[in-house]
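Reviewing the structure listed below.
For ligands, and for the atoms within them, numbers begin at 1 and follow the listed sequence. Residue indices begin at 1 and follow the sequence shown.
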Amino acid sequence: MKIKHEWHKDFFKNSFYNPASPAAVTKAPEEARFVLKQLKLKKGAKLLDLCCGPGRHAVEFAKKGLAVTGYDFSGEYLREAARRAKKKKAALRLIRGDMRQLKFKDEFDAVVNLFTSFGYFQNFPDDLKALKGAARALKSGGRFMLDTMNGEFVRKKFHPRSWTRMPDGSYRLDETVYKKDGIVVAWTFLKAGKKPVSRLFFIRLYSRKTLSAALKKAGLTPLKFWGSFQGALLSDKRNRLIALAQKP
Ligand SMILES: C[S@@+](CC[C@H](N)C(=O)[O-])C[C@H]1O[C@@H](n2cnc3c(N)ncnc32)[C@H](O)[C@@H]1O
């Protein structure tokens, strides 16, 4: 499967995929509660939701009294985040940009990157740029939480082909191959009476060991890891890899 270098530019569009599915929106308050418990922030603390997408966590953080900045590459998703914030009477500062080009310095008490919004670049130095930017954006002592796919789970449960029934009755076909240190996945949406639509994405497969090493390279100290937003232990039987790190 041949994937474009900057595949994310075609993938994150409402016409193809929106991360704020009804199921994902329902889970957001519980996920946000877990994140905030670990970040230990006071009211008014400054939080950066890096790759905030349509803002389903960002509005929850703002409702808890934090000063939230949402940052994302997709203008469509940011507009949706603004609409969601207005509806929920939550204040959000929203900024459009690439996660490899963060300009903030010593500004935030916490940075979060949630729902597999990391590991997208086929060259590791690009992933590192994003982590270094997050580290730079933090104040000294500030905390960073990252939630991504658990690479050890994916390797153990590797399925080259699988089908998912979507809530509207249509189907999604997932075809996966290993590439470099990650996977390339082709998602094809099949809807009755419509032409099938496909897009590819790349995810670097991180384990606790490789993510710890990357965090340290970026100047962050890994503190703790989990395998779920319910606080379960990290395990190759769980599909999430959730890391908490701190800027010295
Ligand atoms: C899986 S979505 C998750 C969105 C959000 N965190 C959530 O939980 O709903 C990944 C997000 O990363 C954003 N993204 C992808 N590549 C990016 C890049 N290079 N720079 C900034 N944002 C990017 C996408 O636009 C999308 O909103």
Side-chain angles (χ1 to χ4, degrees), residues 3-36 39 47-62 68-85 88 90 92 94-104 110-134 136-137 144-150 154 164 172 174 182-185 187 199-204 206 228-229 239-243:
I3 183 162
K4 282 191 211 153
H5 182 57
E6 301 276 299
W7 59 268
H8 59 279
K9 292 186 177 167
D10 295 329
F11 193 93
F12 295 105
K13 290 192 169 157
N14 278 330
S15 53
F16 182 69
Y17 165 67
N18 185 324
S21 67
V25 171
T26 305
K27 283 186 196 154
E30 188 196 359
E31 293 170 352
R33 260 196 304 280
F34 177 80
V35 173
L36 290 179
L39 294 178
L47 179 139
L48 172 65
D49 186 346
L50 178 58
C51 302
C52 65
R56 61 195 182 97
H57 298 107
V59 293
E60 298 298 326
F61 298 141
V68 180
T69 300
Y71 183 99
D72 201 279
F73 171 79
S74 163
E76 279 186 18
Y77 293 173
L78 288 176
R79 283 192 288 281
E80 187 175 332
R83 282 196 294 275
R84 178 168 274 110
K88 299 250 178 183
L92 289 186
L94 295 169
I95 299 176
R96 187 171 184 199
D98 191 294
M99 67 172 121
R100 292 162 289 186
Q101 288 157 15
L102 292 173
K103 300 275 192 300
F104 311 106
V111 176
V112 298
N113 176 276
L114 305 172
F115 201 47
T116 319
S117 302
F118 179 69
Y120 289 165
F121 306 111
Q122 291 164 75
N123 300 316
F124 173 70
D126 275 347
D127 273 2
L128 196 56
K129 264 189 205 162
L131 289 183
K132 283 186 173 169
R136 206 179 315 112
F144 177 57
M145 187 171 255
L146 187 144
D147 153 50
T148 191
M149 219 180 245
N150 180 2
V154 176
T164 306
R172 192 187 77 210
D174 297 9
I183 47 174
V184 176
V185 184
W187 270 1
R199 298 267 190 288
L200 305 184
F201 64 91
F202 173 82
I203 299 283
R204 181 173 306 283
Y206 283 97
S228 81
F229 281 107
N239 64 352
R240 304 315 295 166
L241 169 61
I242 303 174

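Contact annotation for Cys52 and ligand 1: only backbone heavy atoms (N, CA, C, O) come within less than 4.0 Å of the ligand. Counting heavy atoms closer than 4.0 Å to ligand 1, residue Phe118 contributes nothing at all. Residue contacts with ligand 1 for Arg56 involve side-chain atoms from C-beta outward but no N, CA, C or O (heavy atoms, distance under 4.0 Å). Residue-level proximity to ligand 1 for Tyr77 is carried by the side chain, the only part with a heavy atom below 4.0 angstrom. At a 4.0 Å heavy-atom cut-off, ligand 1 touches Phe12 through the side chain alone. Neither the backbone nor the side chain of Tyr71 has any atom closer than 4.0 Å to an atom of ligand 1 (non-hydrogen atoms only).
Residue contacts with ligand 1 leave out Ala130, since none of its heavy atoms falls under 4.0 Å from the ligand. Residue Phe121 places a heavy atom under 4.0 Å from ligand 1.
Scanning the protein for heavy atoms near atom 3 (C) of ligand 1, the closest one is Ser117 OG, 3.2 Å. The nearest protein atom to atom 19 (N) of ligand 1, hydrogens excluded, is given as Asp98 OD2, 3.4 Å; this is a heavy-atom distance. Counting protein heavy atoms only, atom 13 (C) of ligand 1 is closest to Asp72 OD2, 3.4 Å. With respect to atom 1 (C) of ligand 1, the closest heavy atom belonging to the protein is Phe115 O, 3.3 Å. Atom 23 (C) of ligand 1 has as its closest protein heavy atom Phe73 CB, 3.5 Å. Among protein heavy atoms, atom 6 (N) of ligand 1 sits closest to Cys51 O, 2.7 Å.
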For Glu60 and Arg56, what are the C-alpha separation, side-chain angles and deciding distance, and is it a salt bridge (Lys or Arg N to Asp or Glu O under 4.0 Å)? CA-CA 7 Å; Glu60 298 298 326; Arg56 61 195 182 97; over 6 Å; no
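With sequence neighbours excluded, the residues satisfying side chain to side chain contact (heavy atoms under 4.5 Å, CB included) with Asn239 are Phe153.
Counting the atoms of ligand 1 from 1 in the order shown, those under 4.0 Å from a heavy atom of His57 are 8 (O).
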